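Quantities reported herein were computed from a predicted structural model and do not represent experimental measurements. Starting from 1, each residue takes its place in the sequence as its number.
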Amino acid sequence: MKYQKLENQEAHWKWLYLIKKHREGENITRYEEKSLRESITLQLVEKQNQPQQIEEWIQSHLAQDLIVKLDQAIRARRKRFFNGEKQSTKKKSIDLEYAVWLRLSRYSRKMKMTLSETISYMIDERESKAQFENQMSAMKAGLKDLLK
């Protein structure tokens, strides 16, 4: 396994995930009866700072369709957590309009680069172009001074 499991922290992440799902109106328990669901969910809410009991609650009461989703969410959270520790692996996101993303994606495939590499390449090209323009302006100004 690439990323270390931190039991207490992951139990807290699971608790946060399940509480969020509950607040969104999803049934997080395997029970259909509304009063039973509410009482079982209330038990989970009260176990916020008790990692071992959160894990026991999950084993006993979690809805079948949430088992895989919870595992995927925790695996993604674990990856983001450990990658976020180092600046080099920390991911950032930007919002692009679809048309811009499509153009960037096509250009990336054409250049055989990732989107990040393509953006860096484009920035480098723009900076070198600006530097070249500055040098040309300085040369023109020097020539004008010489011709006076």
Side-chain angles (χ1 to χ4, degrees), residues 1-140:
M1 177 178 19
K2 186 174 181 181
Y3 303 105
Q4 178 183 1
K5 284 188 177 183
L6 306 171
E7 301 298 331
N8 290 345
Q9 190 165 38
E10 289 192 17
H12 180 67
W13 291 339
K14 289 176 183 178
W15 184 87
L16 289 172
Y17 177 85
L18 292 171
I19 295 303
K20 179 182 173 224
K21 289 290 184 189
H22 171 66
R23 288 189 180 135
E24 291 173 353
E26 283 191 43
N27 178 15
I28 60 171
T29 69
R30 57 180 66 164
Y31 311 111
E32 293 300 319
E33 185 184 329
K34 186 174 181 173
S35 60
L36 182 58
R37 283 192 316 220
E38 291 300 320
S39 66
I40 296 295
T41 303
L42 187 60
Q43 290 176 11
L44 177 64
V45 171
E46 293 169 353
K47 298 175 192 292
Q48 178 178 1
N49 297 316
Q50 302 162 341
Q52 187 62 36
Q53 291 181 5
I54 292 171
E55 294 295 335
E56 290 170 5
W57 187 96
I58 290 170
Q59 293 295 321
S60 303
H61 306 293
L62 186 63
Q64 289 297 101
D65 59 330
L66 277 179
I67 292 173
V68 173
K69 289 180 183 179
L70 178 63
D71 287 344
Q72 290 172 338
I74 296 305
R75 196 168 33 253
R77 185 97 183 239
R78 186 184 313 128
K79 181 178 188 283
R80 284 191 305 272
F81 177 78
F82 283 105
N83 284 345
E85 288 182 335
K86 294 184 207 158
Q87 191 65 31
S88 62
T89 56
K90 191 170 193 169
K91 300 288 182 191
K92 297 289 182 198
S93 63
I94 57 172
D95 292 330
L96 297 174
E97 294 177 11
Y98 179 76
V100 174
W101 172 83
L102 189 59
R103 287 180 65 192
L104 183 62
S105 177
R106 286 180 182 151
Y107 190 67
S108 295
R109 282 194 300 270
K110 179 179 157 188
M111 300 291 286
K112 294 185 169 83
M113 297 175 161
T114 65
L115 293 176
S116 295
E117 291 169 340
T118 303
I119 292 170
S120 294
Y121 172 77
M122 294 170 95
I123 291 169
D124 291 343
E125 287 294 309
R126 181 65 187 116
E127 287 173 345
S128 61
K129 181 180 177 183
Q131 185 180 11
F132 177 75
E133 288 172 353
N134 288 340
Q135 289 173 346
M136 291 302 291
S137 298
M139 287 173 60
K140 284 180 184 178

Student: Let me check something: any side-chain donor-acceptor pairs from residues 96-107 under 3.5 Å, sequence neighbours excluded? List them with distances.
Tutor:
from: S105; atom 1: OG; to: R109; atom 2: NH1; distance (Å): 2.9

Student: Is it true that K20 and E24 have a side-chain N and a carboxylate O under 4.0 angstrom from each other?
Tutor: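 Yes, charged N to carboxylate O under 4.0 Å.
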Student: From N27 CG over to E38 CD, what is the distance, rounded to the nearest 0.5 angstrom?
Tutor: 9.0 Å
Student: Would you mind writing out the side-chain donor-acceptor pairs for residues 47-58 within the sub-3.5 Å range, not counting sequence neighbours?
Tutor:
from: E55; atom 1: OE1; to: K14; atom 2: NZ; distance (Å): 3.2
from: E55; atom 1: OE2; to: K14; atom 2: NZ; distance (Å): 3.2
from: W57; atom 1: NE1; to: I40; atom 2: O; distance (Å): 3.0

Student: Could you measure the distance from the CD atom of E133 to the CD atom of Q135? Nearest 0.5 Å is fine.
Tutor: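 Here the rounded value is 11.0 Å.
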Student: For the pair L44 and H61, evaluate side-chain contact (heavy atoms from CB on, under 4.5 Å) and give the outcome as yes or no after the intermediate values.
Tutor: CA-CA 10 Å; L44 177 64; H61 306 293; over 6 Å; no
Student: Which distance, rounded to the nearest 0.5 Å, do you find between the CG of L115 and the OG1 of T118?
Tutor: 6.0 Å
Student: Which heavy atom in S60 sits nearest to a heavy atom in Y31, and how many Å separate them?
Tutor: O-OH, 3.8 Å
Student: With rounding to the nearest 0.5 Å, note down the distance linking NZ in K112 to CD in E117.
Tutor: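 So the gap between those two atoms works out to 13.5 Å.
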Student: Could you go through the side-chain contact (heavy atoms from CB on, under 4.5 Å) check for H22 and L18 one step at a time?
Tutor: CA-CA 6 Å; H22 171 66; L18 292 171; over 6 Å; no
Student: Quick check for you: to the nearest 0.5 Å, what is the distance between K69 atom NZ and I28 atom CD1?
Tutor: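 So the NZ of K69 and the CD1 of I28 are separated by 13.0 Å.
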Student: Could you give the distance from NE2 (H12) to CZ (R77), rounded to the nearest 0.5 Å?
Tutor: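 Answer rounded to 0.5 Å: 7.0 Å.
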